[in-house]
Amino acid sequence: MTSPGTSRGSGRGKLVLCGEHAVVYGHPAIAVAVDRRTDVRLAARPGPTAIHSAHADDRLREALLEVIEPEGLDVEVDTELPVGRGMGSSAALAVALVRARAAAGGEAPLDPDEVYRRAMPVERRFHGNPSGVDVAVSARGGCLWFRRGEPPIRETIEPGPWSFVVLDSGCAGDTRELVAGVAARRPGIDADLDAIGALVEDARRVLHDPVALGERLTHNHELLRRIGVSTPALDELVALALGAGAHGAKLAGAGGGGVVLALVDDAEPVLAAARSRGVAAFATRPWTAS
Ligand code: PMV
């Protein structure tokens, strides 16, 4: 229930199934929204706008001020997403904020394209040169085929008996720095970025087949390692998931820390292996707007 004078909005987190980093350079990516989200609540207050968040800092404040006024608001941010872990927490925040601001202005619910248009300046504040895949998925839900500058295409991904396990490396990666690092290593790594693009095209054909898709995910991890965004901890989590029976596993998001995504028939053996090593892990499923 929204109390009088308050407005709310929410945005979903995401996992990139394949294609991160290469997507910044015009290659495709496939990403899914997940069943974890960020909520924003706006209420009127006298004086300067106050931001209440477990992660409030100058960058957050500057990003939020792309959409809201510097005076007169109380902004409360709540998230179920691990922050800085490659699950699109900044995009989810941007989408939630845009929706809450539109509601506060008495607008009808925005369509996803308009949410995307208004949320991208916020995402740019966080990440410098974002492809837009996180915002597109957060605004739409479901599974998307995304290519920078083109309308996203909805894909059908059949979760059947399988699901994802997310394993947390325990440290954050800075997406802005990681994207800048990849840019600095070009053109030496362009062949690997092209290979990621080709792999995404190939993965699209096997979205219905967890065994074949899993192989593509693991290959994608190897290519991400080659472009310099993995870490020994992420490589170990991939090995741990594969050793516990996952069809495939890869770092998800910008890397440099963050999470590993494992595609599994049965989450329990991977969760148990993670527990036995003291690794935080949880099962999650794609989320589609009803
Ligand atoms: O780490 P995240 O959740 O912000 O994901 C970033 C995905 C990248 O492809 C690395 C960057 C982008 O803008 O697409």
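Just so it is clear, the structure is predicted and the values come from calculations on it, not from any experiment. Numbering starts at 1 and runs along the sequence shown. In each ligand, atom 1 is the first atom listed, and ligand 1 is the first ligand listed.
- Ser131 is linked by a side-chain hydrogen bond (donor to acceptor under 3.5 Å, both in side chains) to nothing, counting only residues two or more places apart in sequence or in another chain.
- Under 4.0 Å is where a charged nitrogen must lie from a carboxylate oxygen, and between Glu201 and Arg204 no such pair does.
- By the side-chain hydrogen bond (donor to acceptor under 3.5 Å, both in side chains) test, Glu215 is found to be paired with no residue, residues two or more places apart in sequence or in another chain being considered.
- For Arg277, the side-chain hydrogen bond (donor to acceptor under 3.5 Å, both in side chains) test picks out no residue, with sequence neighbours left out.
- Atom OG1 of residue Thr49 and atom CZ of residue Arg61 lie 6.5 Å apart, to the nearest 0.5 angstrom.
- Here Arg41 does not pair with Asp39 in a salt bridge; the nearest charged N to carboxylate O distance is not below 4.0 Å.
- At a 4.0 Å heavy-atom cut-off, the residues surrounding ligand 1 are Lys14, Glu20, His21, Val23, Val24, Gly86, Met87, Gly88, His127, Pro130, Ser131, Val133, Asp134, Thr175, Val179, Gly253, Ala254, listed by chain and number.
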